[in-house]
Amino acid sequence: MTIKKLIAGNWKMNGGLAANEALLRALLTGVGQPSADVAVCAPAPYLAQVQGLLAGSPIDWGAQDMSAHEQGAYTGEVSAAMLKDFGCRYAIVGHSERRQYHGETDALVAAKAQRALAAGITPIVCVGETLVEREAEQTEAVVKRQLAAVIHAVAHCTSEIVVAYEPVWAIGTGKTATPEQAQQVHAVLRAQLAAATSHPERVRILYGGSMNAANAASLLAQPDIDGGLIGGASLKAPDFLQIVAAAH
Ligand code: PEP
């Protein structure tokens, strides 16, 4: 049995009350009964709005980051329990923009994944190499190191995570990994998961990095690509819906 694909939108730091409502209403109108699981990851202040509009619909929602701490004196942080209060099913952890601009380490990302699972939230764990690392033929080593930290932390819960392979050089750049390049890395990640869990086939490995309406079908046709994490194209309802339609 093949796993149900997941198409997750990452709105990043975009949107506002009016724009979110228009986008979500367009998604709800067009989504029908998708073959894939569908989710949007909204900025934290809008999660209540997203919950209000999407509750009971075929579209789930999630956060773009969360704290590694349970609660307490961590000014500005948002805990997993808070996300759970607003119905989040997913939380992205370790997005390259968090690693790059906020100094997030493999250990911190792993702690966040562990904290998410403990709260009943599915972490979407992002891994991916920079252009310099790819050119130095370090891709495999980098993604394996990033995933290994999470596997080590979540141990027997490994089959409950979602992994997103997001080559940093493809994010927001319009440069997409070819289906073959992506599949090659996904196969490496699948093999790593197989060594860590008896159910590697249950772990969805998403591709992210300039996935759009035109290239989604060929990426999603690869045997180890189980969905997409979509940035820019998730802000345009027709594009996001076309990607959803390509996932079956
Ligand atoms: C992302 O930020 O997760 C992403 C994949 O962005 P984009 O689709 O815009 O490249």
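Counting starts at 1 for both ligands and their atoms, in listed order. Both backbone and side-chain heavy atoms feed into the values below; hydrogens, waters and symmetry mates do not.
Counting the atoms of ligand 1 from 1 in the order shown, those under 4.0 Å from a heavy atom of G172 are 7 (P), 9 (O), 10 (O). The atoms of ligand 1 that sit less than 4.0 Å from any heavy atom of G209 are 5 (C), 10 (O). Short contacts between ligand 1 and A170, defined as distances under 4.0 Å to a heavy atom of the residue, involve ligand atoms 10 (O). For ligand 1, the atoms lying closer than 4.0 Å to a non-hydrogen atom of S210 are 7 (P), 8 (O), 10 (O).
Between the side chain of D226 and the main chain of I205, a donor-acceptor pair closer than 3.5 Å is present. For the pair D37 (side chain) and D60 (backbone), a donor-acceptor distance under 3.5 Å is absent.
Among all non-hydrogen protein atoms, the one lying nearest atom 8 (O) of ligand 1 is G231 N, 2.8 Å. Among all non-hydrogen protein atoms, the one lying nearest atom 1 (C) of ligand 1 is H95 NE2, 3.2 Å. For atom 9 (O) of ligand 1, the nearest non-hydrogen atom of the protein is G232 N, 2.8 Å.
With 3.5 Å as the limit, one finds a donor-acceptor pair spanning the side chains of E166 and H95. Checking Q183 against D224 by side-chain atom types alone, a donor-acceptor pair falls below 3.5 Å.
Of all the heavy atoms of N10, the ones lying under 4.0 Å from any atom of ligand 1 belong exclusively to the side chain.
Of the listed options M211, E166, K175, E166 places a heavy atom closest to atom 5 (C) of ligand 1.
The aromatic rings of Y74 and H69 sit parallel to each other, their planes meeting at less than 30°, with 60° as the upper class boundary.
L206 and I243 are members of different hydrophobic clusters when ILVMFWY side chains are connected at heavy-atom separations under 4.5 Å.
No heavy atom of A233 sits closer than 4.0 Å to any atom of ligand 1.
Summarising the geometry of K12 relative to P43, their closest heavy-atom pair is O-CG, 3.4 Å, with the distance given to 0.1 Å.
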